[in-house]
Amino acid sequence: MQVIETTRALQARADRARTAGRRIALVPTMGALHAGHFTLISEARKRADPVFVSIFVNPTQFNEASDFDQYPRVLEDDLARCREAGVDAVFAPPVAELYPDGATTWVDVEGLTEPLCGASRPGHFRGVTTVVAKLLVAARPHVAVFGEKDFQQLAVVRRMARDLGFDVEIVGVPTVREPDGLALSSRNEHLGPEARGQATALVRALDAAEQAAAEGERDRDRLLAGVREVLAGAPLAEIDYAELRDAETLELAPAGLAGPTVLALAVRFPARHGGDPVRLIDNRVILRPGTKAVAEARKEER
Ligand code: PAF
């Protein structure tokens with residue numbers, strides 16, 4: 001497995017693969033790899049060869065310097081696990097490689113980036129789209145694989161790739177969960193035992209909303225009241241947002257749900273050692289186009 005630190009060297013590696021008629025996949029990550037990332041890597045492997053993984057803790061997508069500083073960095077472990085997983089090359093550039101001194105160029109997707117995480121983390125998505133654009137330029141992939149846990153990020157990256165004409169297929173992979181349903185995230189390790197126990201409130205709230213939709217509930221406010229009730233059962237949870245939105249445009253869902261609808265949650269829990277609170281996100285598409293409840297549709301498919 002090659003470890004590459006410069007854009008030029010990765011582009012050269014990509015060019016060789018392309019000249020040989022190979023299909024390249026990129027899995028962008030910030031490292032601290034967990035089972036969720038390895039699901040993305042397996043998906044990439046099904047679709048392409050070679051598979052490149054980028055490991056870069058992107059400073060421009062963090063709102064708080066302390067969050068950036070505390071972000072786990074375990075490059076040697078990550079490299080060993082990528083080697084085991086059969087990754088062909090890891091791109092792990094220093095910050096100055098992607099943000100040379102005096103860099104003033106940004107990629108900014110309007111509209112989709114305004115609600116949800118965009119509202120509570122101003123500038124976050126500008127950092128994400130800027131770095132993902134740089135990674136796509138460096139790796140020249142045919143396919144780039146992202147987790148559906150970051151539902152808004154996936155929508156924003158898809159829009160960016162389309163608007164800028166990147167010739168890449170953006171693939172979303174379903175969220176990987178702990179046995180008790182908590183979505184895997186490198187942030188989970190900052191939760192203390194009590195908060196970790198209560199953090200399953202997110203998936204329980206998603207389940208409750210999905211179930212209610214399957215039973216025919218289409219009233220937005222009643223669905224959200226049910227979600228808040230479940231979250232209220234976790235006294236350590238502080239809701240950042242709990243919203244029903246159009247699953248494609250991310251516009252606020254109408255009072256009577258009438259199209260593809262996603263329930264998006266962001267909830268803060270106290271950190272283990274009293275540091276900044278840990279912000280967890282999760283989501284579920286509860287209605288598909290045609291307003292069929294996802295749970296109903298799944299039953300019919302069985
Ligand atoms: O999802 C992430 O880990 C990051 O936002 C990404 C896509 C690697 C960009 O830094």
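Whatever order the structure lists ligands and atoms in, that order sets their numbers, starting from 1. Values reported hereafter were calculated over all heavy atoms of this structure, with side chains retained and with hydrogens, waters and symmetry mates removed. Sequential numbering from 1 along the given sequence is applied to the chain's residues.
The residues Asp49 and Arg45 are annotated as salt-bridged, a charged nitrogen and a carboxylate oxygen being separated by less than 4.0 angstrom.
Aromatic ring orientation, Trp106 versus Tyr99: tilted (interplanar angle from 30° to 60°).
Taking the ring centre of Phe68 as origin, the terminal cationic atom of Arg73 falls inside the region bounded by 6.0 Å and 45° from the ring axis.
Taking any N or O of Thr29, backbone or side chain, none lies under 3.5 Å from an N or O belonging to ligand 1. Residue Asn58 has no N or O atom closer than 3.5 Å to an N or O atom of ligand 1.
Nearest to atom 10 (O) of ligand 1 by heavy-atom distance, out of Lys149, Gln61, His37, is Gln61.
Arg284 and Thr175 share no side-chain donor-acceptor pair at under 3.5 Å.
Against a heavy-atom cut-off of under 4.0 Å, Gln153 is close to the following atoms of ligand 1: 1 (O), 2 (C), 4 (C), 5 (O), 7 (C). Here is the list of ligand 1 atoms found below 4.0 Å of a heavy atom in Val131: 9 (C), 10 (O). Those atoms of ligand 1 that come under 4.0 Å of a heavy atom in Pro28, given as number and element, are 8 (C).
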(message) Using the rule given for salt bridge (Lys or Arg N to Asp or Glu O under 4.0 Å), can you reason through Arg268 versus Asp240, listing the C-alpha separation, both sets of side-chain angles and the distance that settles it, and then say yes or no?
(response) CA-CA 7 Å; Arg268 290 196 177 82; Asp240 179 0; 3.7 Å; yes
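Here the protein heavy atom with the shortest distance to atom 3 (O) of ligand 1 is Met30 CG, 3.7 Å.
Aromatic ring centres of Tyr71 and Phe62 lie closer together than 6.0 Å.
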